[in-house]
Structure formats: C-alpha cells, structure tokens
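These notes concern the structure reproduced below.
Chain letters run A, B, ... following the sequence lines, proteins first and then strands; every chain starts at 1.
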Number of protein chains: 2
Amino acid sequence: MPKVGMEPLRRKALIEAAIAAIGARGSLDVTMSEIAGIAGVSSALAHHYFGAKDDLLEATMRHLLSELGRDGCAALRAAPQPRARVSAMVAVSFSPTQFRPETVAAWLAFYVEAQRSPAMRRLLRVYARRLHSNLMSGLRPLMPALRAERVAEGIAALIDGLYIRRALKDGPPDPRSAVALVEDYVETMLATEARTS
Amino acid sequence: MPKVGMEPLRRKALIEAAIAAIGARGSLDVTMSEIAGIAGVSSALAHHYFGAKDDLLEATMRHLLSELGRDGCAALRAAPQPRARVSAMVAVSFSPTQFRPETVAAWLAFYVEAQRSPAMRRLLRVYARRLHSNLMSGLRPLMPALRAERVAEGIAALIDGLYIRRALKDGPPDPRSAVALVEDYVETMLATEARTS
DNA sequence: TATTTTTAATTGACTGGTCAATCAATAAAA
DNA sequence: TTTTATTGATTGACCAGTCAATTAAAAATA
C-alpha cells in the first residue's frame with residue numbers, strides 16, 4: 001500500500017470543491033473559506049497549496065478544460081468516419097459529465113472572467129481552437145474548406161449559445177433537445193451541401 | 001427653458017456609468033464608487049437615488065433590455081414581410097448600438113448574475129420570450145409551426161453564442177460576419193423547408 | 001421686492017463586515 | 001531531526017451602506 005503525499009489529493013479535492021462552490025453560487029464570486037470548507041480543510045491550507053485565489057481558479061479552469069479534452073479525444077477515437085466525428089464532438093459537449101448545472105455555471109463564469117484575465121482568455125481560446133479543429137477533421141471531407149469553416153463556427157456558436165441559455169432555465173438540463181438542435185443544423189447543412197455541389 | 005429636477009438626469013448618468021464600468025471591468029464586480037466616479041458624483045449620491053447596489057444593477061439591466069426592445073420594435077415596424085422580420089431581429093442584435101464591447105460584457109455578466117438572482121433571471125426571460133415571439137411572427141408564415149419553433153430556438157442560441165464568443169476575441173467586434181452566419185442559417189433552413197414541403 | 005422657510009441636492013467622514021493573504025505554532029511522518 | 005501537513009489567529013485592504021452637515025434652489029411670507 002503506497003503511502004502518498006497529501007498534496008495531489010488535496011489539490012484535487014480543492015479543485016472539485018471549487019467547481020461545486022462555483023456551481024452553487026453560479027459565479028466566481030466564492031470565498032476561499034467556502035471552497036476550503038467544502039473540501040474539508042482550512043482556507044489557510046488552500047492558500048498553502050495554490051498560492052493566490054486566482055491560481056486556484058485557473059487550476060480549476062484547466063481541470064475543466066482537460067476533462068473536456070479527454071472526453072473529446074476518447075469520443076473521436078471511437079469515431080473514424082467524418083460524419084460520426086462531428087456527432088461525437090456534439091455529443092461530448094452535452095454529455096452528462098459536461099452538461100451539468102455546476103459545470104455549465106463554471107464555464108459561464110469563466111467566460112466572464114476571461115474579459116478581465118488574459119490568462120483565462122488564453123485558456124478559453126485553447127478550448128475554442130481545439131473544438132474547431134476537431135470539428136474540422138469531421139467536416140473537411142464532407143464539404144469545401146471554406147464552407148466547413150463556416151459550419152464549424154456555427155456549431156461552436158450553437159453549443160455555447162445553448163450553454164448560456166441553459167442559465168435561464170431551472171430544473172435539470174435537457175441534453176437531448178440540445179443535441180437534436182445542433183444535429184439538425186449539421187444535417188441541414190450537409191443536405192444543402194450535397195444538393196448544391 | 002424648463003428647469004427640471006436633477007433626479008432623472010442623475011439616474012440616467014449613473015446607469016450609463018454602470019454600463020461603462022461593467023464593460024471596462026468585464027463583470028458585475030464593480031464598486032459603487034467606481035460607477036459614481038464615472039458619472040461624476042459621489043458614491044453617497046448613487047445610494048441616495050438607487051438605494052442598494054443591486055437596485056442600480058437591476059435598473060441598468062432594465063435599461064439595456066428596454067433599449068433593445070425599442071430598437072427591436074422599430075426594426076419590426078419597418079419590416080412587414082415575414083422574411084424581412086427575421087432579418088430585422090438578427091440585424092438589431094448585432095447593430096452598432098447593441099453589439100459593442102461594453103454592452104456585450106454587460107449582457108454576459110447579467111447572464112451569470114441570473115443564476116443567483118431570480119429577479120435578473122425573470123428579466124432575462126422577458127428578453128428571451130420577446131425575441132422568440134418576434135422571430136416567430138416572421139417564421140410562422142414561412143414554415144410549419146413546430147419547425148418554426150425549432151428554427152427560432154436555433155437563431156436565438158446562435159445569437160447568444162456569438163455574443164459569448166465575442167468575449168474571446170479582442171479588438172472591435174465584427175457584426176458583419178456574425179450576421180452572415182445567422183442569415184446563412186435562416187436561409188438554409190428556409191431552402192430546406194421549401195424543398196421538403 | 002426682500003425675507004424667511006422649506007425642500008432638494010450633494011458630500012465627507014464613518015461603521016461594520018467581509019475576505020484574501022500571512023505567519024507563527026503545532027502535530028505527525030520520515 | 002528534518003520535512004510535511006495543518007490550522008487559528010491576525011492583519012490590512014476594500015467596500016456597501018448610513019448619516020449628519022452643507023450648499024443651493026424654490027416656495028412662502030411679509
């Protein structure tokens with residue numbers, strides 16, 4: 001039984017606590033004590049492991065981002081055909097692990113923070129670029145490059161739009177109708193493409 | 001020359017200052033002193049006219065909302081034909097008065113706030129409902145009701161998505177490409193509709 | 001008209017509370 | 001004995017909201 005240092009455990013617990021706190025409050029306006037409390041430690045310990053609050057928040061964002069990245073890669077590996085790759089990316093965006101109220105609230109809050117913090121903006125751009133290139137890997141074989149770019153932009157905007165609009169509703173999210181809306185977009189664009197080329 | 005009380009003037013100045021401050025900070029995390037400073041008065045005066053900070057923020061949101069409403073009504077009055085009504089709503093969303101960095105930042109911040117504050121959520125829902133019914137007034141004559149609902153949802157999600165993605169970019173917004181993307185969506189949906197009915 | 005009185009506009013100074021960040025101290029492992 | 005883990009207490013800054021005091025305008029009165 002390999003005894004291991006506390007550091008990684010605490011870091012993980014604190015990051016998850018941060019997501020929970022942000023999800024509950026619905027914004028980044030959470031205190032270190034709150035987060036630490038959820039993680040079951042003192043606020044001093046949170047500072048010990050993360051330094052400043054912003055660092056913890058940035059680490060939290062990174063965590064969300066890498067989780068999404070991991071899910072995305074896995075989904076793509078299981079989808080070799082172009083059309084399926086597009087659907088895979090859409091499905092991941094609204095999968096139960098991503099499209100939860102806490103996660104949605106956190107993403108939203110980070111988008112707002114991105115306006116102030118260049119670091120956050122950079123991170124969000126990484127997400128946007130990755131989504132874009134993943135979508136392109138599915139769309140390029142199906143239509144002219146310029147058109148594919150346009151459709152990828154549309155899909156991305158639709159996804160983000162459905163995320164933000166989710167903030168207006170209460171009750172559990174409805175991933176099925178969200179996916180249906182985006183899939184309908186993709187399908188219609190493909191049909192039009194087939195007809196005009 | 002009718003001498004008028006200061007109240008309406010100050011209220012307006014403070015609301016505009018609030019938008020400016022929120023736009024500059026990129027979030028609702030602004031102080032009363034900051035806002036009052038921009039308006040050229042003391043923070044005590046801001047409290048005098050608005051009571052609590054939340055009241056000023058809510059008034060600011062209402063102002064944004066009514067401005068958008070006014071622009072929307074004007075645009076609709078000038079567009080009697082169904083197809084034009086849809087374009088009018090899209091155009092208004094990205095018109096120079098709406099699609100400015102400060103305004104976009106403010107809308108975004110209010111979406112986040114809506115997760116916490118039921119009052120804000122109610123206001124945003126008013127906006128969503130109004131946009132939806134305006135879009136429907138244009139779409140209903142052009143396609144079956146169920147389909148129209150779906151397309152209206154898509155347009156709304158696209159608009160909000162393009163707003164939020166605007167937060168990632170720096171430099172002035174590019175309304176033209178945003179409008180083009182949404183119009184392309186509308187056009188494609190209409191074409192598909194015409195073909196399959 | 002000149003004067004007093006009332007009302008509106010405005011602020012500086014203050015208060016109480018909150019919170020990030022620090023640090024010295026303690027406990028536990030290695 | 002050195003390193004790691006952990007906290008309670010504290011500090012310093014910031015900020016929303018209050019209030020008493022001041023000035024300026026309007027209204028009322030002589």
Side-chain angles (χ1 to χ4, degrees), chain A residues 1-61 106 109-110 112-113 116-117 119-120, chain B residues 1-61 106 109-110 112-113 116-117 119-120:
Chain A
M1 197 197 284
K3 287 271 172 59
V4 79
M6 288 279 95
E7 178 149 359
L9 289 172
R10 292 304 187 208
R11 286 187 96 94
K12 190 151 179 276
L14 282 165
I15 285 174
E16 264 154 24
I19 295 174
I22 294 168
R25 268 263 172 292
S27 89
L28 289 197
D29 198 359
V30 289
T31 71
M32 285 298 262
S33 308
E34 235 174 303
I35 296 172
I38 294 174
V41 298
S42 72
S43 74
L45 196 68
H47 274 107
H48 175 67
Y49 283 127
F50 282 97
K53 183 186 177 183
D54 285 348
D55 298 327
L56 170 52
L57 259 27
E58 192 183 321
T60 303
M61 171 91 234
F110 281 122
V112 170
E113 186 68 7
R116 179 170 5 190
S117 150
M120 292 284 179
Chain B
M1 195 196 284
K3 287 268 174 62
V4 78
M6 288 281 98
E7 179 149 359
L9 288 173
R10 294 302 187 210
R11 287 186 96 94
K12 190 150 179 276
L14 282 164
I15 286 175
E16 263 155 26
I19 295 174
I22 293 167
R25 267 262 172 292
S27 88
L28 291 195
D29 198 0
V30 288
T31 70
M32 285 298 262
S33 309
E34 237 174 303
I35 296 172
I38 294 174
V41 298
S42 73
S43 74
L45 196 67
H47 275 108
H48 175 68
Y49 283 127
F50 282 97
K53 184 185 175 183
D54 285 348
D55 298 328
L56 170 53
L57 259 25
E58 193 183 320
T60 303
M61 169 92 236
F110 281 122
V112 169
E113 186 68 7
R116 180 171 1 192
S117 151
M120 291 284 178

Run the side chain to side chain contact (heavy atoms under 4.5 Å, CB included) test on B:E113 and B:L57 for me, step by step, so that the C-alpha distance in whole Å, both residues' side-chain angles and the decisive distance to 0.1 Å come before the verdict.
CA-CA 10 Å; B:E113 186 68 7; B:L57 259 25; 5.9 Å; no
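The distance from atom CD1 of A:I15 to atom CZ of A:R10, rounded to the nearest 0.5 Å, is 14.0 Å. The distance from the CD1 atom of A:I35 to the CG atom of A:L56 is 5.0 Å, given to the nearest 0.5 Å.
With rounding to whole Å, B:L9 atom CG is found 14 Å from C:dA8 atom C1'. Rounded to whole angstrom, the span from the CG atom of A:D54 across to the C1' atom of C:dA21 amounts to 12 Å.
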Side chains of residues 19-28 of chain A: which donor-acceptor partners sit under 3.5 Å, not counting sequence neighbours?
residue : atom : partner : partner atom : Å
A:S27   : OG   : A:D29   : N            : 2.9
A:S27   : OG   : B:R116  : NH2          : 3.0

For residues 44-55 of chain A, which side-chain N or O atoms pair as donor and acceptor with protein atoms under 3.5 Å away, sequence neighbours left out?
residue : atom : partner : partner atom : Å
A:H47   : ND1  : A:S43   : O            : 3.4
A:K53   : NZ   : A:V30   : O            : 2.8
A:D55   : OD2  : A:A52   : N            : 3.2

In B/S/- notation (B base, S sugar-phosphate only, - none; protein heavy atoms under 4.0 Å), nucleotides 4-16 of chain D written 5' to 3' is -SBBB------SS
